[in-house]
Protein chains: 2
Amino acid sequence: MEAILNILQKFSNIPQESVERFVGKLQETNIPKGETLIREREVCNQLSFINKGFVRSFYFKDKKDITISFSMTGEFIASMASFISQKPSYETIEALEHCHLYQISHQDLMDLFGKDSHLEHLYRLILEQYYVSLEEHLIFSKFKTAKERYLELIETKPYIIQKASVGQVASYLDMSLETLSRIRASI
Amino acid sequence: MEAILNILQKFSNIPQESVERFVGKLQETNIPKGETLIREREVCNQLSFINKGFVRSFYFKDKKDITISFSMTGEFIASMASFISQKPSYETIEALEHCHLYQISHQDLMDLFGKDSHLEHLYRLILEQYYVSLEEHLIFSKFKTAKERYLELIETKPYIIQKASVGQVASYLDMSLETLSRIRASI
DNA sequence: GAAGGCTATTGATAAAAATCAAAAAATCAG
DNA sequence: CTGATTTTTTGATTTTTATCAATAGCCTTC
């Protein structure tokens with residue numbers, strides 16, 4: 001439980017009482033390696049804090065799967081579009097390693113926001129950070145060559161290359177797995 | 001002023017008093033066609049509601065400019081990463097048509113959030129919508145061919161093709177202007 | 001209405017990356 | 001440990017798109 005408290009603290013110095021309200025709603029969950037947190041067409045009604053683990057979010061395009069994002073220990077993960085709208089998800093999220101999560105349901109979170117504006121404030125700050133990093137990812141993917149994208153990934157998130165397969169990383173970087181393999185050979 | 005009230009109403013049935021607080025901080029601004037709302041390296045400290053007009057957000061990559069987004073009457077616009085972090089913007093936003101805006105400063109907005117949690121709630125809902133549409137844009141740009149991206153744009157936002165130049169649309173769709181011109185000739 | 005400056009189209013070529021195919025290496029199960 | 005399966009690398013070819021270059025169209029504005 002300590003990890004999540006530290007993360008929350010970083011965003012905002014929120015009253016102890018509010019933190020306790022939030023923590024009181026968290027459910028501990030374990031997802032074995034290879035299993036899914038959320039499957040395509042389901043409604044994502046849990047927001048998960050990854051206390052320990054590594055997950056991949058992807059969707060299917062003609063029988064192949066395409067990686068949208070990887071998330072790590074210390075990050076929140078959900079199929080955000082589905083969680084926000086409470087409509088079916090078009091993405092699937094799978095555990096690439098055994099995951100130890102703390103989860104809160106959409107309903108509980110909305111109830112908390114109604115009761116305690118500090119928590120909505122905190123959530124707003126977290127959402128803003130996720131928005132900024134999504135925007136950066138979009139721009140990043142837009143104006144770099146295949147090789148530059150790979151080099152930047154090594155620089156910023158080397159653990160992804162360690163933990164995910166070439167094919168999974170390749171679709172995340174928007175290239176074929178053969179192309180990524182050749183880039184790896186060339187450096 | 002009516003347009004913005006209607007938009008706010010759609011997100012949340014917020015008390016009249018809160019709406020008035022918010023509206024009280026809005027400044028009316030006109031930006032002539034061709035001028036900029038925010039320039040690269042400046043800190044974006046205004047969130048703008050486009051009461052009427054059309055803008056383009058872009059950044060420079062080697063002397064060329066690359067379009068990030070277009071925004072229309074009825075939408076909010078800011079260099080979000082800069083507005084959120086209050087750090088210099090890497091994007092420039094220009095008016096492609098004469099714009100009539102209502103603006104609120106970052107400071108005023110934060111002050112309002114401290115005083116009135118209904119407004120932070122409203123902002124959270126708006127932010128969520130923008131997050132979802134950004135995510136959709138990312139996925140959209142990732143798994144469609146050049147031609148499919150253009151056809152989808154015609155389908156979903158035909159006004160962009162009317163109002164922006166081929167070069168501006170081409171960089172938005174992640175292709176050269178020659179490629180876009182050929183696609184247009186082929187359909 | 002002609003000159004000049006943008007914008008768009010068209011053509012030829014080059015570069016980048018995808019695809020198809022096979023071999024090599026790594027991982028897993030029994 | 002060993003055979004089977006999966007993943008990764010390597011090679012040959014094709015496709016897609018970018019780049020370079022020239023032409024055509026179209027607004028301005030004098």
Visitor: Just one of Lys163(A), Lys52(A), Arg56(A) clears the salt bridge (Lys or Arg N to Asp or Glu O under 4.0 Å) bar with Glu97(A), so which one?
Guide: Lys163(A)
Visitor: Could you identify which residues of residues 147-168 of chain A place a heavy atom less than 4.0 Å from some atom of DNA chain C, listed by residue number, or say none?
Guide: none
Visitor: Give the ring-plane orientation class for Phe54(B) versus Tyr159(B), where under 30° counts as parallel, over 60° as perpendicular and anything between as tilted.
Guide: perpendicular
Visitor: Can you tell me the distance, in whole Å, between the NZ atom of Lys144(B) and the C1' atom of dT16(D)?
Guide: 18 Å
Visitor: Rounded to whole Å, how long is the line connecting atom CD1 of Ile183(B) with atom C1' of dA18(D)?
Guide: 13 Å
Visitor: Taking the six-membered ring for Trp and the single ring otherwise, decide whether the centroids of Tyr123(A) and Phe113(A) are under 6.0 Å apart.
Guide: yes
Visitor: Which nucleotide of DNA chain C is the first, and which the last, in the 5' to 3' direction, to come under 4.0 Å of a heavy atom belonging to chain B?
Guide: dA8(C) to dA12(C)
Visitor: Counting the atoms with a prime plus P, OP1 and OP2 as sugar-phosphate, which does Arg184(A) contact under 4.0 Å by heavy atoms, base, sugar-phosphate, or nothing?
Guide: sugar-phosphate
Visitor: Do you know which two heavy atoms are closest between Glu91(A) and Met80(A), and how far apart they sit?
Guide: OE2-N, 4.2 Å
Visitor: Kindly give the heavy-atom pair with the smallest separation between Leu119(A) and Ser18(A), and that separation in Å.
Guide: CD2-O, 3.7 Å
Visitor: Looking at Glu155(A), I want to see if its CD is surrounded by more than 12 non-hydrogen atoms of other residues, nucleotides or ligands under 6.0 Å.
Guide: no
Visitor: May I ask you to decide whether Arg21(A) forms a salt bridge with Glu17(A), counting only side-chain N to carboxylate O separations under 4.0 Å?
Guide: yes
Visitor: Between P on dA18(D) and CG on Leu173(B), what's the gap in Å once rounded to a whole number?
Guide: 11 Å
Visitor: For the backbone of Glu40(B) and the side chain of Thr92(B), can you confirm whether one donor and one acceptor N or O come within less than 3.5 Å of each other?
Guide: yes
Visitor: Using rotation axes that map the C1' atoms of four end pairs onto the next four (five pairs an end), what angle separates the end axes of the helix from dG1(C)-dC30(D) to dG30(C)-dC1(D), to 10°?
Guide: 50°
Visitor: The side chain of Arg182(A) is closest to which nucleotide in this list: dT10(D), dT17(D), dT9(D)?
Guide: dT10(D)
Visitor: Could you check whether Glu120(B) pairs with Arg124(B) (Lys NZ or Arg NE/NH1/NH2 to Asp/Glu carboxylate O, under 4.0 Å)?
Guide: no
Visitor: Does the ring centre of Tyr172(A) sit less than 6.0 Å away from the ring centre of Phe70(A)?
Guide: yes
